[in-house]
Student: 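My questions all concern the structure below.
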Amino acid sequence: MSIRVMLVDDHLIVLRGLKFFLNTQQEIEVVGEAENGRTALEKMEECSPDVILMDLMMPVMDGVEASKEILQRYPEAKIVVLTSYSDQDHVIPALQAGASGYQLKDVDPDELVRTIRAAHRGEKLLHPKATQLLLTEMNQGHKGKSAEVPFRLTKREKDVLYQITLGKSNKEISAALFITEKTVKTHVSHLLSKLDVHDRTQAAIFAMKEKMFEESSS
């Protein structure tokens, strides 16, 4: 089955270049194009994309607002931001809006394909600059919180969190730990709540920041 991708960008040359490149990739099919967020929203029903490759700065409706609207109506959709901006005023709102990936337009083409495929699997891949900004935001948000938080996790929750830091999907974690995917989802939900983070990416960054698994990986 192909990954159905919609391209959203207000620059025609970008749309054409992306379409040409992505259509050369196995398992990826460009099913629609839009010049702004409003048009993308209107085309969702017709195109039924699995992944939306979304620019941020566009007329009529920008990428952040479009991401919020699309995910509110189509929660199963995955949005990968592809932009020229790597500052906090763009990265954080995009991730808060629900973006499943964040890459800059100078990204290596193969890395872009990897990000699209990861988003389709329910995983997040972020440009290093976006990851750094997210880490900074988390550091500020966790100031004053108890350093004992990670140690309130159960052993199984820590096992699941370690697997998340390795970039594994729920299915892969299920196989590695010999538990059902439903049980994995339950553990993920509990550990996100205990760590007071919004998603798996933030949980993994928190674990690395706290150096929770340094001995395990050495």
Side-chain angles (χ1 to χ4, degrees), residues 1-58 61-86 90-131 134 164 167-172 198-202 204:
M1 294 290 291
S2 295
I3 302 173
R4 298 169 60 84
V5 176
M6 177 189 284
L7 309 176
V8 188
D9 199 296
D10 60 329
H11 291 96
L12 182 59
I13 192 169
V14 173
L15 288 177
R16 287 182 175 173
L18 285 171
K19 182 177 181 179
F20 177 82
F21 169 68
L22 291 176
N23 277 336
T24 66
Q25 303 300 304
Q26 287 187 340
E27 301 175 359
I28 292 181
E29 177 188 4
V30 176
V31 295
E33 304 168 41
E35 68 275 12
N36 60 64
R38 175 62 61 193
T39 303
L41 190 60
E42 293 169 353
K43 288 189 173 183
M44 283 295 296
E45 194 74 34
E46 170 192 347
C47 298
S48 299
D50 301 309
V51 178
I52 299 99
L53 204 55
M54 181 79 73
D55 190 18
L56 286 183
M57 302 303 292
M58 296 177 291
M61 179 184 283
D62 65 30
V64 170
E65 190 60 32
S67 297
K68 291 178 183 177
E69 291 279 348
I70 288 173
L71 292 175
Q72 185 175 12
R73 299 189 195 184
Y74 306 93
E76 297 302 315
K78 307 298 182 184
I79 295 175
V80 171
V81 169
L82 182 64
T83 181
S84 302
Y85 299 93
S86 59
H90 292 88
V91 172
I92 300 304
L95 295 177
Q96 290 175 337
S100 296
Y102 196 107
Q103 291 293 351
L104 299 183
K105 288 184 176 178
D106 62 358
V107 66
D108 183 276
D110 290 339
E111 182 67 12
L112 178 60
V113 171
R114 200 162 72 91
T115 304
I116 291 172
R117 288 176 174 158
H120 187 245
R121 294 193 303 267
E123 303 168 9
K124 286 191 176 184
L125 281 182
L126 308 178
H127 189 279
K129 290 182 180 178
T131 301
L134 181 58
I164 289 174
K168 293 187 178 181
S169 65
N170 285 351
K171 184 176 182 180
E172 292 169 329
H198 298 296
D199 57 38
R200 301 159 72 97
T201 301
Q202 291 186 357

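Owing to the predicted nature of the structure, the values given are computational and were not obtained by experimental measurement.
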Student: What's the separation between atom CG in Leu112 and atom CG in Leu82, rounded to the nearest 0.5 Å?
Tutor: 5.5 Å
Student: For Arg200 and Ile164, indicate whether the former's side chain and the latter's backbone hold a donor-acceptor pair under 3.5 Å.
Tutor: no
Student: With no hydrogens and no angle check, is any side-chain donor or acceptor of Lys68 less than 3.5 Å from a backbone partner on Gln96?
Tutor: no
Student: With heavy-atom distances below 4.5 Å as the criterion, would you say the side chains of Glu27 and His120 are in contact?
Tutor: no
Student: Find out whether Val81 and His90 are in side-chain contact, i.e. whether some heavy atom of one side chain is under 4.5 Å from a heavy atom of the other.
Tutor: no
Student: Counting only N and O atoms by type, is there a donor-acceptor contact under 3.5 Å from the side chain of Lys78 to the main-chain atoms of Gly122?
Tutor: no
Student: Without swapping roles, check the side chain of Gln202 against the backbone of His198 for a donor-acceptor pair under 3.5 Å.
Tutor: yes
Student: Does a side-chain heavy-atom distance below 4.5 Å link Arg121 with Lys171?
Tutor: no
Student: Could you give the distance from CG (Leu7) to NZ (Lys19), rounded to the nearest 0.5 Å?
Tutor: 8.5 Å
Student: Can you see which heavy atom on Ala34 is nearest to which on Ala40, and at what distance?
Tutor: CB-N, 3.5 Å
Student: Which pair of non-hydrogen atoms, one from Ala66 and one from Met61, has the smallest distance, and what is that distance?
Tutor: CA-SD, 3.5 Å
Student: How close do Ile70 and Ala77 get, heavy atom to heavy atom, and via which atoms?
Tutor: CG2-CB, 4.2 Å
Student: When rounded to the nearest 0.5 angstrom, what is the spacing between OG in Ser100 and CD1 in Ile52?
Tutor: 9.0 Å
Student: CE of Met6 to CE of Met54: how many Å apart, nearest 0.5 Å?
Tutor: 8.5 Å
Student: Would you say Lys105 and Asp9 make side-chain contact, with heavy atoms under 4.5 Å?
Tutor: yes
Student: Between the side chain of Glu172 and the main-chain N/O of Ser169, is any donor-acceptor distance below 3.5 Å?
Tutor: yes
Student: Can you tell me how far the OG1 atom of Thr24 sits from the CG atom of Leu22, to the nearest 0.5 Å?
Tutor: 7.5 Å
Student: Donor-acceptor check, side chain of Asp50 to backbone of Arg4, threshold 3.5 angstrom: yes or no?
Tutor: yes
Student: Could you tell me if the side chain of Leu95 sits less than 4.5 Å from the side chain of Leu126, heavy atoms only?
Tutor: yes
Student: Nearest 0.5 angstrom please: Glu29 CD to Asn23 CG, how far?
Tutor: 7.5 Å
Student: What is the minimum heavy-atom distance between Gly37 and Val8, and which atoms define it?
Tutor: N-CG1, 4.3 Å
Student: At their closest point, which heavy atom of Val80 faces which heavy atom of Ala119, and how far apart are they?
Tutor: CG2-CB, 3.7 Å
Student: Within the supplied structure, the quantity of interest is the number of heavy atoms (other residues, nucleotides, ligands) at a distance under 6.0 Å from Leu12 CG; does it exceed 12?
Tutor: yes
Student: Does a salt bridge link Arg114 with Glu111, judged by any charged N lying under 4.0 Å from a carboxylate O?
Tutor: yes
Student: For residues Leu104 and Tyr85, report the shortest heavy-atom separation together with the two atoms involved.
Tutor: CD2-O, 3.3 Å
Student: side-chain contact (heavy atoms from CB on, under 4.5 Å) for Tyr102 and Lys129? Distances and angles first, verdict last.
Tutor: CA-CA 9 Å; Tyr102 196 107; Lys129 290 182 180 178; over 6 Å; no
Student: Side chains of Leu56 and Val64: closer than 4.5 Å at any heavy-atom pair?
Tutor: yes
